[in-house]
Amino acid sequence: MNNDVRARREERGLSQAGLAEEVGVTRQTINSIERGRYDPSLELAFRLAGFFECRIEELFDPDLDES
Amino acid sequence: MTEAVSAPTVSRRRRYRGLLFGAVVVGSVLGVGLRVLGYPIVGEAVYWVGILAFLGVWRFTPVTLFDERDAELERRASNVTLVVAAVALVVGASAARLASVTGAFEVPATVSGALYGYVALFVVFALALGYTKLAR
């Protein structure tokens, strides 16, 4: 799943570790999400969207056309 | 919509995870060392101290040690493990049966024991799966 996490994180000048602390996961999890290697749970997706003050669909693009 | 999250610091999580696995490794290594040196009872006691320390950290730490990605990785690794065990059981049990019928060779007791161990593993898995379905 494509996502905008890295861009929004960098916009705020946050490190992966910093964002990980904010949303309660490990830095490796943030890294995997940013690289598109791990799709977060709905709960974590909501937490990320809440942190970035946007809607989930603005943060994540499920690429439904490709599936 | 922002949810208040009590997020542990990454360093705290790392420290507690190190403590968790370190307790088992140190307890096991010291336990083996003491057994080799001729203190089997003390070695066993030290081993159990390591195990209990692991359980204590795992159960009572204020920090969330593993997150959802860790759980997903464990789930995938468990799937791979079960597939490997299933292949080993299917092929190994068939080979053992053929060997005993044809008299080609005698299956060692350790191999038979391992095959029964795999059977036990799948019985436990089936029971756990059934219990989990009922609980959800």
Side-chain angles (χ1 to χ4, degrees), chain A, chain B residues 1-26 50-51 53-84 125 128-136:
Chain A
M1 182 155 40
N2 297 323
N3 67 76
D4 211 16
V5 172
R6 180 187 295 268
R8 287 176 186 264
R9 173 178 63 75
E10 288 175 349
E11 232 172 57
R12 292 176 181 236
L14 262 177
S15 65
Q16 289 182 339
L19 177 58
E21 282 185 29
E22 292 290 343
V23 296
V25 294
T26 61
R27 184 195 60 77
Q28 288 87 344
T29 297
I30 297 298
N31 181 265
S32 293
I33 291 171
E34 288 185 355
R35 293 166 66 192
R37 297 183 63 177
Y38 174 67
D39 293 335
S41 67
L42 196 54
E43 185 187 346
L44 178 54
F46 268 110
R47 229 182 290 159
L48 286 163
F51 177 77
F52 289 121
E53 296 172 321
C54 65
R55 297 163 64 89
I56 285 184
E57 54 266 45
E58 291 173 320
L59 198 55
F60 294 98
D61 174 13
D63 265 344
L64 294 177
D65 293 339
E66 287 181 11
S67 58
Chain B
M1 192 162 81
T2 307
E3 180 187 339
V5 177
S6 58
T9 63
V10 174
S11 58
R12 275 184 82 198
R13 190 195 305 266
R14 189 175 296 161
R15 195 165 62 240
Y16 276 106
R17 281 170 77 147
L19 196 60
L20 185 78
F21 295 117
V24 174
V25 171
V26 170
I51 296 295
F54 170 92
L55 291 173
V57 174
W58 178 57
R59 183 71 186 82
F60 297 110
T61 178
V63 175
T64 305
L65 295 173
F66 303 99
D67 68 5
E68 60 177 57
R69 179 173 156 274
D70 294 312
E72 172 68 12
L73 293 175
E74 277 179 22
R75 192 184 65 78
R76 288 188 194 181
S78 300
N79 280 347
V80 172
T81 303
L82 282 177
V83 168
V84 170
F125 176 75
L129 187 63
Y131 173 79
T132 308
K133 277 182 183 172
L134 285 176
R136 289 208 151 211

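Numbered from 1 within each chain, the chains take letters A, B, ... in sequence-line order. Just the heavy atoms: all of them, side chains too, but no hydrogens, waters or symmetry mates, feed the values below.
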Give me the contact list for residues 29-39 of chain A versus chain B, heavy atoms only, anything under 4.5 Å, ordered by residue number.
A:Thr29, A:Ser32, A:Tyr38
dist A:Gln28:CD -> B:Asp67:CG (nearest 0.5 Å) comes out at 8.5 Å
Tell me, please, which residues at least two apart from B:Arg75 pass salt bridge (charged side-chain N to carboxylate O under 4.0 Å, His left out).
B:Glu72
Heavy atoms under 4.5 Å from chain B: which residues of residues 3-12 of chain A carry them?
none
Atom CZ in A:Arg27, atom CZ in B:Arg13: separation rounded to 0.5 Å?
12.0 Å
Suppose a student defines contact as a heavy atom less than 4.5 Å from any heavy atom of chain A. Which residues in residues 17-26 of chain B would they list?
B:Arg17
A side-chain contact here means heavy atoms from C-beta on lying under 4.5 Å apart; do B:Arg69 and A:Val25 qualify?
no
